[in-house]
Amino acid sequence: MSHRPFEEWILGEEPLTPAESDALRRHLETCEACRRLAASWPAVQTQLRSATLAQPMAGFVLRWRERRAATAGARPQRAWWIFAASLASAGLAAAVVLWDLASLLASPSTALQTWIRDLVQWSVFLRAASDILQAAASILPVGLIGGIGLGLMAAIAGLVAVWVISLNRTAHEGVRS
């Protein structure tokens with residue numbers, strides 16, 4: 001049974017229509033969970049209205065402004081180096097692409113032969129890898145194959161966890177100091 005409209009009517013602040021009120025009354029006669037919710041909701045509302053809001057510690061704004069002023073000079077310089085490195089990398093990538101495009105325009109038949117050769121090499125490599133995996137799968141017991149897959153998944157999960165933790169520490173390094 002869906003309790004959604006009844007829970008919304010109990011928790012809502014807008015007045016109910018006579019039909020909604022009658023449906024809620026009939027539902028509360030048969031539903032223990034909604035009766036408990038309706039009985040406990042006024043006490044929860046009272047606690048929510050009487051709760052005090054959290055305040056920052058005294059001097060927070062002054063400390064924040066001092067830290068911001070102390071680190072304001074270092075950030076643009078670091079951002080400048082990141083921008084310059086990104087720009088240099090993009091320029092290098094564009095030069096490589098243009099060099100490749102120029103060689104393609106100079107001799108399109110050679111480029112086409114190279115692409116076909118690479119495609120054949122990759123297809124042969126993938127076929128050989130498939131054959132090797134099929135042979136290994138037919139030799140190894142079934143439980144071992146599942147264990148290998150599970151081990152690989154655990155290793156990948158561990159690497160992702162290390163990556164997330166290192167990102168978290170790097171991102172919050174300035175906050176801790």
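This structure is a prediction, so every number in the text was calculated from the model and none was measured.
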| task | Flag yes if more than 12 heavy atoms outside W41 fall under 6.0 Å of its CH2 atom; otherwise flag no. | result |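 Buried by this count: over 12 neighbours within 6.0 Å.
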| message | Does atom CZ (R25) have a neighbourhood of more than 12 heavy atoms from anything else shown, all under 6.0 Å? | response |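 Correct, the count exceeds 12.
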Indicate the atoms forming the closest heavy-atom contact of [X] with [Y], along with that distance.
{"X": "F6", "Y": "A23", "answer": "CE2-O, 3.8 Å"}
{"X": "L37", "Y": "E7", "answer": "CD2-CG, 3.9 Å"}
{"X": "M57", "Y": "R63", "answer": "CB-NH2, 4.1 Å"}

| task | Would you check, one step at a time, whether the test salt bridge (Lys or Arg N to Asp or Glu O under 4.0 Å) holds for E29 with R26? | result | CA-CA 5 Å; E29 290 173 357; R26 281 185 278 128; over 6 Å; no
Value rounded to 0.5 Å, distance of [atom1] in [X] from [atom2] in [Y]:
{"X": "H27", "Y": "E20", "atom1": "NE2", "atom2": "CD", "result": "14.0 Å"}
{"X": "I10", "Y": "L16", "atom1": "CD1", "atom2": "CG", "result": "9.5 Å"}
{"X": "W9", "Y": "T17", "atom1": "CH2", "atom2": "OG1", "result": "7.0 Å"}

| query | Between I116, L112, D118, which is the residue that forms a side-chain contact (heavy atoms from CB on, under 4.5 Å) with T114? | reply |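 For T114, the side-chain contact (heavy atoms from CB on, under 4.5 Å) test succeeds with only one of I116, L112, D118, which is D118.
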| query | Any donor and acceptor pair, going by atom type alone, linking the side chain of S130 with main-chain N or O of L126 inside 3.5 Å? | reply |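 No, because the side chain of S130 does not come within donor-acceptor range (under 3.5 Å) of the backbone of L126.
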| query | Hey, mind stepping through V120 and R117 against side-chain contact (heavy atoms from CB on, under 4.5 Å) and telling me if it holds? | reply | CA-CA 5 Å; V120 168; R117 185 192 71 228; 5.9 Å; no
| query | Looking at residues at least two apart in the chain, or sitting in another chain, which of them share a side-chain contact (heavy atoms from CB on, under 4.5 Å) with Q47? | reply |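 Checked Q47 against side-chain contact (heavy atoms from CB on, under 4.5 Å); zero matches.
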